[in-house]
Amino acid sequence: MKNKPQKISAEKLRSTINLNPDARRYFYALADETWLDWLWENGFLDVIREKATDPTRYLYQTPELDYLSRIVEKKPTRVVDFMADVKISKETFNPEVIDRFLWIASKLPADQLARIVPKIRDDQWVPLMGPFNRWGFEYKQMFDTLAAAKDHESIITLAEAVLVVHTEEDIKRTAFGSVDKPFYFNDLHHSEIFERLSEVDDANSERALKLLLKTLAAIVVLSGQKEDEVFKYGDMFSLFDVDFFTLELGHERHMSSRDDVRDLAAVAKTLLERLVGNSCDKPEEARRIYDSYVAPLPDARTMWRFRLYIWSMCPAVFSEELKS
């Protein structure tokens, strides 16, 4: 370990650390950040690319991941370079790798975190880790980092990664076919995702609104399985008794995923008040926002009540809708 990595024989080191698990752990516990590039180039980190033998469970048993976690604060750029190079998919799924990558991401500075956030979204880390997702504490740390840096674009990108709704196949696999838990987390409240989305600047508020209403629409379609006499989709249990005129973002501890859906709707309401309610003197702009994001919401009683609240913001602009 006293020699520079460039002077070490890769084959000799490989045979030494592969003698037994303890030798391997000992080496990665001592190697410092100067070894990273050499280890990467010589294939010593390739185990991180391998699919888990049993993807239904995981233990902290990969010292190469311990090594990356230990040096990330000293070499964040190169660690992110490596993470970005690791293919993550159903075919290569290893829950330990994603779990440790999330921990590493939560320790990154904002500029490097912004580089890995699109990968979290595009590689579907949240659905892949569905059975293991609990409270989203790592995501809270990431949101905090991005908020401190005022990187609202990356906040929305990370939100796009988190606000993924269960598929119909997922629901069918549950014991009772229940959609009471539409997200892949037990409680999104801990991530503070909704607070962060409510705080995005004006330049990014429309993109945030688009995400929120797209997610809300997906939940309506998923949960509103039965048609009623008037609407195509049945009512949503999560918003069954919600008064959109008084609905506000909650900050108390959540009791169920129903509260997550309410917070989702509350933040959408907040952004619509900003984008539509503040544009009543600009009818074309208010109408554009409404027609682009609110009008396409599914035909359900809950969404009709939601639209009614939006119409009431600018009654002169939506006079025809209010009359009908």
Side-chain angles (χ1 to χ4, degrees), residues 72-73 76-86 88 98 101-129 133 136-165 183-185 188-219 249 260 263-279 282 285-286 288-294 296:
V72 61
E73 294 183 30
T77 302
R78 289 302 285 159
V79 171
V80 170
D81 288 341
F82 175 77
M83 292 167 62
D85 192 56
V86 175
I88 293 179
I98 297 181
F101 276 13
L102 284 171
W103 189 92
I104 290 170
S106 73
K107 302 301 178 184
L108 290 171
D111 61 331
Q112 297 305 314
L113 177 57
R115 295 178 55 211
I116 204 65
V117 162
K119 182 176 178 66
I120 297 174
R121 177 195 61 192
D122 297 343
D123 289 355
Q124 296 283 290
W125 291 16
V126 169
L128 286 173
M129 291 294 284
N133 290 328
F137 290 119
E138 291 91 351
Y139 290 96
K140 178 190 182 304
Q141 290 177 282
M142 287 187 267
F143 279 121
D144 287 347
T145 298
L146 295 171
K150 299 186 185 303
D151 186 353
H152 299 286
E153 290 187 13
S154 294
I155 286 174
I156 297 174
T157 301
L158 184 57
E160 289 171 340
V162 173
L163 291 179
V164 182
V165 175
F183 300 110
Y184 286 91
F185 289 89
L188 279 176
H189 176 72
H190 293 283
S191 71
E192 297 185 4
I193 181 174
F194 299 117
E195 288 85 345
R196 297 309 183 191
L197 286 173
S198 70
E199 297 165 352
V200 297
D201 58 15
D202 290 343
N204 291 282
S205 58
E206 187 172 334
R207 181 184 166 204
L209 175 66
K210 179 180 180 181
L211 167 63
L212 290 162
L213 293 185
K214 176 183 177 182
T215 306
L216 185 60
I219 296 172
L249 180 64
D260 289 333
D263 278 353
L264 174 77
V267 179
K269 170 189 168 181
T270 298
L271 294 180
L272 280 164
E273 288 172 340
R274 187 193 307 178
L275 291 165
V276 175
N278 292 338
S279 298
K282 302 175 183 176
E285 177 63 10
R288 181 188 71 81
I289 295 295
Y290 175 83
D291 288 345
S292 297
Y293 307 113
V294 182

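Just so it is clear, the values below take in all heavy atoms, side chains as well, and ignore hydrogens, waters and symmetry mates.
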- Between Leu163 and Phe194, does a side-chain contact (heavy atoms from CB on, under 4.5 Å) hold up when you go through it step by step? CA-CA 10 Å; Leu163 291 179; Phe194 299 117; 4.1 Å; yes
Nearest atoms (heavy-atom pairs only) where [X] meets [Y]:
{"X": "Leu271", "Y": "Ala208", "answer": "CD1-CB, 3.7 Å"}
{"X": "Pro127", "Y": "Val164", "answer": "CG-CG1, 3.8 Å"}
{"X": "Ala105", "Y": "Leu113", "answer": "O-CD1, 3.6 Å"}
{"X": "Val200", "Y": "Ser205", "answer": "CG2-CA, 3.8 Å"}
{"X": "Leu108", "Y": "Thr145", "answer": "O-CG2, 3.7 Å"}
{"X": "Leu213", "Y": "Ala268", "answer": "CD2-CB, 3.8 Å"}

Check salt bridge (Lys or Arg N to Asp or Glu O under 4.0 Å) between [X] and all other residues, then give those that pass, not counting sequence neighbours.
{"X": "Lys140", "value": "Asp144, Glu192"}
{"X": "Glu153", "value": "none"}
{"X": "Asp123", "value": "Lys119"}

Would you please name every residue forming a side chain to side chain contact (heavy atoms under 4.5 Å, CB included) with [X], sequence neighbours left out?
{"X": "Asn278", "result": "Arg274"}
{"X": "Glu285", "result": "Ser279, Lys282, Arg288, Ile289"}
{"X": "Pro109", "result": "Pro76, Asp111, Gln112"}

- Please lay out, stage by stage, how Tyr184 and Met129 fare under the test side-chain contact (heavy atoms from CB on, under 4.5 Å). CA-CA 8 Å; Tyr184 286 91; Met129 291 294 284; over 6 Å; no
Between [atom1] of [X] and [atom2] of [Y], what distance do you get to the nearest 0.5 Å?
{"X": "Leu212", "Y": "Ile193", "atom1": "CG", "atom2": "CD1", "value": "8.0 Å"}
{"X": "Leu128", "Y": "Ile98", "atom1": "CG", "atom2": "CD1", "value": "5.0 Å"}
{"X": "Met142", "Y": "Ser154", "atom1": "CE", "atom2": "OG", "value": "12.0 Å"}
{"X": "Leu249", "Y": "Thr270", "atom1": "CG", "atom2": "OG1", "value": "7.0 Å"}
{"X": "Tyr139", "Y": "Leu102", "atom1": "OH", "atom2": "CG", "value": "4.5 Å"}

[X] versus [Y]: any side-chain heavy-atom pair under 4.5 Å?
{"X": "Ile104", "Y": "Ile116", "value": "no"}
{"X": "Asp81", "Y": "Thr77", "value": "yes"}
{"X": "Val126", "Y": "Phe185", "value": "yes"}
{"X": "Leu275", "Y": "Leu209", "value": "yes"}
{"X": "Leu158", "Y": "Arg196", "value": "no"}

- Task: Run the numbers on Phe183 and Val162 for side-chain contact (heavy atoms from CB on, under 4.5 Å), then give the verdict.
- Result: CA-CA 8 Å; Phe183 300 110; Val162 173; over 6 Å; no
- What is the ring orientation for Trp125 with Phe101, classed by angle as parallel under 30°, tilted 30 to 60°, or perpendicular over 60°? tilted
- Under the 3.5 angstrom rule, does the side chain of Asn204 hit a backbone N or O of His152 as a donor-acceptor pair?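 No; judged by distance alone, with no hydrogens or angles, the pair does not exist.
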- Check whether more than 12 heavy atoms from other residues, nucleotides or ligands sit under 6.0 Å from atom NZ of Lys107, and answer yes or no. yes
- Message: Using side-chain contact (heavy atoms from CB on, under 4.5 Å), reason through Glu195 and Phe143 one step at a time and then give a plain yes or no.
- Response: CA-CA 10 Å; Glu195 288 85 345; Phe143 279 121; over 6 Å; no
